Amino acid sequence: MARDGDRSGFSRDVSRIDPFCWIPVAPMLLLALATVLMGVPLLGLLLLILALAIVGFDMWVNNRRKSSQRRLRPSAVSRRVANPPAVRRARLPRHARRPPATVAPETGRPVP
């Protein structure tokens with residue numbers, strides 16, 4: 001099958017481009033082409049470089065996300081999900097806590 005191709009080389013080192021990355025990149029590429037055709041090649045070159053920088057940054061971010069997931073062993077990931085850290089009980093601030101009530105032995109009511 002086509003999906004079972006060799007996973008080494010360029011395709012392994014360069015990750016997938018996020019589809020939302022194309023929202024700013026596609027108009028920038030069209031504007032770059034339009035400015036070159038209208039006679040302002042320097043602005044077109046600038047837009048082309050910025051669009052390529054956005055695509056490069058997106059590929060770098062996606063590659064970092066995958067490499068950090070690869071570093072974790074599968075057993076460590078499952079252990080972390082299975083045993084979440086203990087939840088600390090919420091405590092009132094020190095000024096809001098009431099001291100234990102002292103009870104008067106005669107009446108059985110708290111002493112102010």
Side-chain angles (χ1 to χ4, degrees):
M1 291 184 133
R3 272 188 273 166
D4 297 334
D6 185 21
R7 295 282 182 187
S8 63
F10 185 74
S11 64
R12 184 186 66 178
D13 296 334
V14 177
S15 64
R16 229 179 99 199
I17 299 172
D18 187 18
F20 292 107
C21 174
W22 293 110
I23 293 172
V25 170
M28 288 176 82
L29 292 174
L30 290 175
L31 281 173
L33 179 65
T35 55
V36 168
L37 293 176
M38 286 190 289
V40 190
L42 192 59
L43 182 60
L45 182 64
L46 178 67
L47 286 169
L48 178 67
I49 290 171
L50 286 173
L52 291 176
I54 290 172
V55 170
F57 178 74
D58 184 71
M59 289 169 43
W60 176 70
V61 167
N62 289 336
N63 194 20
R64 287 188 54 198
R65 189 178 305 145
K66 286 182 182 179
S67 66
S68 67
Q69 289 174 353
R70 270 188 243 132
R71 278 188 235 139
L72 292 175
R73 295 186 324 254
S75 61
V77 172
S78 63
R79 248 185 284 140
R80 194 181 316 165
V81 172
N83 301 323
V87 178
R88 294 184 181 174
R89 291 184 359 178
R91 293 185 61 177
L92 290 174
R94 189 168 282 180
H95 64 82
R97 288 187 228 151
R98 289 183 16 195
T102 308
V103 179
E106 311 84 39
T107 61
R109 293 186 182 169
V111 177

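Bear in mind the structure is a predicted one, so any value in this text is a computation, not a measurement.
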Quiz item: Looking at P27 and P24, what are the two nearest heavy atoms and their distance?
Solution: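 Smallest heavy-atom distance, with atoms named: CD-O, 3.5 Å.
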Quiz item: What's the shortest heavy-atom distance between D18 and D58, and which atoms?
Solution: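 Distance-wise, the nearest heavy atoms are N-OD2, 2.8 Å.
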Quiz item: Taking atom CG of L45 and atom CG of L50, what is their separation to the nearest 0.5 Å?
Solution: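 Separation between the atoms: 9.5 Å.
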Exercise. Could you tell me the separation between the CD1 atom of I54 and the CD1 atom of I23, rounded to the nearest 0.5 Å?
Key: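 With rounding to 0.5 Å, CD1 (I54) is 11.5 Å from CD1 (I23).
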Pairs of donor and acceptor atoms involving the side chains of residues 34-42, under 3.5 Å and at least two apart or interchain, shall be tabulated with distances.
residue	atom	partner	partner atom	Å
T35	OG1	L31	O	3.0
T35	OG1	A32	O	2.9
T35	OG1	G44	N	3.3

Quiz item: M28 and side-chain contact (heavy atoms from CB on, under 4.5 Å): which partner among L46, L52, L47, L33?
Solution: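 Option passing the side-chain contact (heavy atoms from CB on, under 4.5 Å) with M28: L47.
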Quiz item: Are any of the side-chain heavy atoms of I17 and N62 separated by less than 4.5 Å?
Solution: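 They are not in contact (no side-chain heavy atoms under 4.5 Å apart), so the answer is no.
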